[in-house]
**Q** 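Next up is a structure, given as structure tokens.
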Number of protein chains: 2
Amino acid sequence: MELSLRRLRTLREVARRGGVNAAAATLHYSPSAVSQQLEALSVEAGAPVLERVGRGVRLSEVGRVLVEHAEVLLAAERRAGAAVEGARQTLSAHLTVGVFPAAGAGVLPAVLADLAARHPGITLDSVEGDGESVVTDVRDGHLDLALLLDYPDAPEPWKADLRVVPLGQDEIHLAVADGSAHGPGAALEALADEDWILSGPHTYWGRAVRTACRRAGFDPRVRHHVDSSATALAMVAAGLGVALVSDLGRVFCPSRGVVVVPLARPLSRTISIAHLPHTGERPTARAVLAAFARAAGAAGLAPVEAVHEGRAGQVPTRSEAASRANPSSSGTRGT
Amino acid sequence: MELSLRRLRTLREVARRGGVNAAAATLHYSPSAVSQQLEALSVEAGAPVLERVGRGVRLSEVGRVLVEHAEVLLAAERRAGAAVEGARQTLSAHLTVGVFPAAGAGVLPAVLADLAARHPGITLDSVEGDGESVVTDVRDGHLDLALLLDYPDAPEPWKADLRVVPLGQDEIHLAVADGSAHGPGAALEALADEDWILSGPHTYWGRAVRTACRRAGFDPRVRHHVDSSATALAMVAAGLGVALVSDLGRVFCPSRGVVVVPLARPLSRTISIAHLPHTGERPTARAVLAAFARAAGAAGLAPVEAVHEGRAGQVPTRSEAASRANPSSSGTRGT
DNA sequence: CACCGGTGTCAAGCTTTGCTTCATGGAGCT
DNA sequence: AGCTCCATGAAGCAAAGCTTGACACCGGTG
């Protein structure tokens, strides 16, 4: 009995997904490779691991037993990996994190600078993607971590098997053209007659803003459907309409032509990091999580417990917020 | 972290043997292969798994941690294998057993016939060897089971990490030429002036017989140093001297010319089977053990708990003993 | 009924892994 | 110094393992 962890992994995936093709897709194999691995497992076990039923396939009794033990073995493998990471005096690993665009521009540079200073051995790759895709990629193990956005009215129950640690609140403000009549403390309902620049209702952002407007008593007249914050803000500067922008999104503000003013009734979204349960035991992953937490604080994101208060003046610039949140930081994030 | 059980196995072996060469020898690899596997493990772990010290090597901290987890993983692998064997409705496997010569001729045929009838899927290979070599081969995993002989005055403490299940007592008798003056119930000391046919003192058998004679008050005059029972018995038939022979050894008795008579003071050796602890959990191994137990009973070996009593007449033939021990058996052991 | 769209498997080819053999570099022993 | 033993490096070759493309099979559908 000379088992191979690789084969056990694919067997488990077949058991989870209920099919050879599905397992092959998530493992980035061809279906044929999965089939061959299962065949090899069957030879090893002395009995077929799965039996054909209809046009699909089902685990045999031996297959079920083997999957059961595969779970034990793979869990032990993960623990071994974490233990090795811990035993290595200098943390080093290669992690991949899924980010949404604003985070990529707004917090990733600070995180990378932080990591480079504290743990030079840790390298971080980022993959841009929306909330839905990154969560499934985390669940499949293709991403170690994923930054997520949670909007107040859109609970996301599909993260039940993931650990989600909140990073902070990303407050949402109003972006208007320079010289606009809308001053600090603008009420959302005062913008009912404006032209809006917003992403479509198929995005979380588009849906969240529409919901907020509707609660304020109007449907925004969206004249320009734009997915990227950078484009939206450029349009605002060009006088095409108004838009909402979050703290993080302000990295995309053009140098001139746009004024960001606080909303009368504060609106915010929660930024958090999702990962598989066992990832939290990896020392390198913990180091990265800590770096993200520091970067969030330095970027001026309010802690999730913070109580929202109305503000009197204009929204502080990011560097002002940063120095308030972390006076010792000199704001070394760039690009 | 994509561990390979094969590499972990060699790492553990290096840890146990304390060197690359030694591990390579027991694993039947070349030293270079072991070295390469360890290098691959080091890359995987992100840190060297072992460090050179003097002209040898020593495990690094990471290596120690990895070995610790390797033990867990390999134990889990063994359990998985046993579970698969159990889940397979028809027992089938290929086991290798180490035997001493008399057992090979005396009990193996019965065992194979028994297995062929009850579990056609189980195939058994046998390797002839002395007690010492088979024990180390069992310990290294090259043999699944090993038949052992234990002599009363020669405890063998080097089987501490093995499970040893006793099969029965193999009684030792006197073999003399046909027409000899020595009758039933011969006392050992009456043979002090005979010419002896015996193996050298480097063998367990030779040592045990010499010890028994010495306890009877004399040193046997060994004129013919013969390792094999078959040759010794042929020499007895030819009138070259006397020899001792065990129940199992009687399969080598020539058809005529030799008379086997019981000793006045019974002498016996214990036959047992040794295996690694986890082997006892394998259903196929249990089936083989059961077959050996049945064969031992059918061969007329007394249970180890049996009390020795002096006997009045000649030693019963093997088929008489067999029918007494197991009346339904028709004695189908041959060659 | 014939036809897709989907399943899993088979066969051939090629890349990669991984072993062996032979040669090299140190560390201890005489 | 010379010798021996241990571990490692380089080259070569065999086997494992993946991919592509073709096939067989089942189930729903026009």
Side-chain angles (χ1 to χ4, degrees), chain A residues 1-60 62-64 66-67 70 74 77 140-142, chain B residues 1-45 47-60 62-64 66-67 70 77 140-142:
Chain A
M1 189 63 65
E2 183 96 1
L3 293 173
S4 142
L5 288 179
R6 167 178 306 209
R7 290 177 186 156
L8 289 181
R9 210 187 318 278
T10 76
L11 175 66
R12 178 187 63 173
E13 211 57 37
V14 169
R16 284 184 175 172
R17 300 301 156 98
V20 172
N21 270 330
T26 77
L27 291 172
H28 298 310
Y29 286 150
S30 70
S32 189
V34 172
S35 188
Q36 289 173 40
Q37 289 195 16
L38 295 177
E39 173 60 24
L41 263 182
S42 298
V43 169
E44 195 65 47
V49 165
L50 43 80
E51 48 203 22
R52 310 206 43 158
V53 47
R55 60 179 171 182
V57 76
R58 186 180 56 191
L59 285 184
S60 72
V62 170
R64 271 189 292 275
L66 209 46
V67 164
L74 294 170
E77 184 197 20
D140 291 346
H142 300 143
Chain B
M1 191 62 66
E2 183 95 3
L3 293 174
S4 143
L5 288 180
R6 167 177 307 211
R7 291 177 186 156
L8 289 181
R9 210 186 320 277
T10 74
L11 174 66
R12 178 187 63 174
E13 212 57 36
V14 169
R16 283 185 177 172
R17 301 302 154 97
V20 172
N21 270 333
T26 77
L27 292 172
H28 300 309
Y29 285 151
S30 71
S32 189
V34 172
S35 189
Q36 289 173 39
Q37 289 195 16
L38 295 177
E39 172 60 23
L41 264 183
S42 298
V43 169
E44 195 65 47
V49 164
L50 42 80
E51 48 203 24
R52 309 205 44 156
V53 46
R55 60 179 173 183
V57 289
R58 187 179 55 189
L59 285 184
S60 70
V62 170
R64 271 189 292 275
L66 208 46
V67 165
E77 185 198 19
D140 291 347
H142 300 144

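Computation of the quantities below employed the complete heavy-atom set of this structure, encompassing side-chain atoms and omitting hydrogens, waters and symmetry-equivalent molecules. In what follows, chains are A, B, ... by sequence order, proteins preceding strands, each numbered from 1.
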**Q** Starting at the 5' end of nucleotides 4-12 of chain D, put B wherever the base has a protein heavy atom under 4.0 Å, S where only the sugar-phosphate does, and a dash everywhere else.
**A** BBSSBBB--
**Q** Output yes when B:D140 and B:R16 qualify as a salt bridge under the 4.0 Å nitrogen-oxygen rule, no when they do not.
**A**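 Salt bridge flag = no for B:R16 with B:D140.
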**Q** Using a 4.0 Å cut-off on heavy atoms, which residues in residues 2-15 of chain B reach DNA chain D? List them by number, or say none.
**A** none
**Q** What is the minimum heavy-atom distance between B:V67 and B:A15, and which atoms define it?
**A**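 The pair with the smallest heavy-atom distance is CG2-CB, 3.9 Å.
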**Q** Mind calculating the distance between CD (A:Q37) and P (C:dC10) to the nearest angstrom?
**A** 15 Å
**Q** Rounded to whole angstroms, how far apart are CZ on A:R17 and P on C:dG8?
**A**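 It works out to 14 Å between those atoms.
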**Q** Do A:E2 and B:R9 come within less than 4.5 Å of each other through their side chains, counting heavy atoms only?
**A** yes
**Q** Where is the tightest heavy-atom contact between B:V53 and B:V57, given as atom of each residue plus distance?
**A** CG1-C, 3.7 Å
**Q** Looking only at non-hydrogen atoms, find the nearest pair between B:P48 and B:S60 and report the distance.
**A**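 Minimum heavy-atom separation between B:P48 and B:S60: O-OG, 2.7 Å.
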**Q** What residues, two or more places apart in sequence or in another chain, satisfy side chain to side chain contact (heavy atoms under 4.5 Å, CB included) together with A:S35?
**A** none
**Q** Within this structure, what is the OG1-CZ distance for the pair A:T10 and A:R17, rounded to the nearest 0.5 Å?
**A** 13.0 Å
**Q** Between B:V49, B:L3, B:V34, which is the residue that forms a side-chain contact (heavy atoms from CB on, under 4.5 Å) with B:L11?
**A**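 Only match with B:L11 under side-chain contact (heavy atoms from CB on, under 4.5 Å): B:V49.
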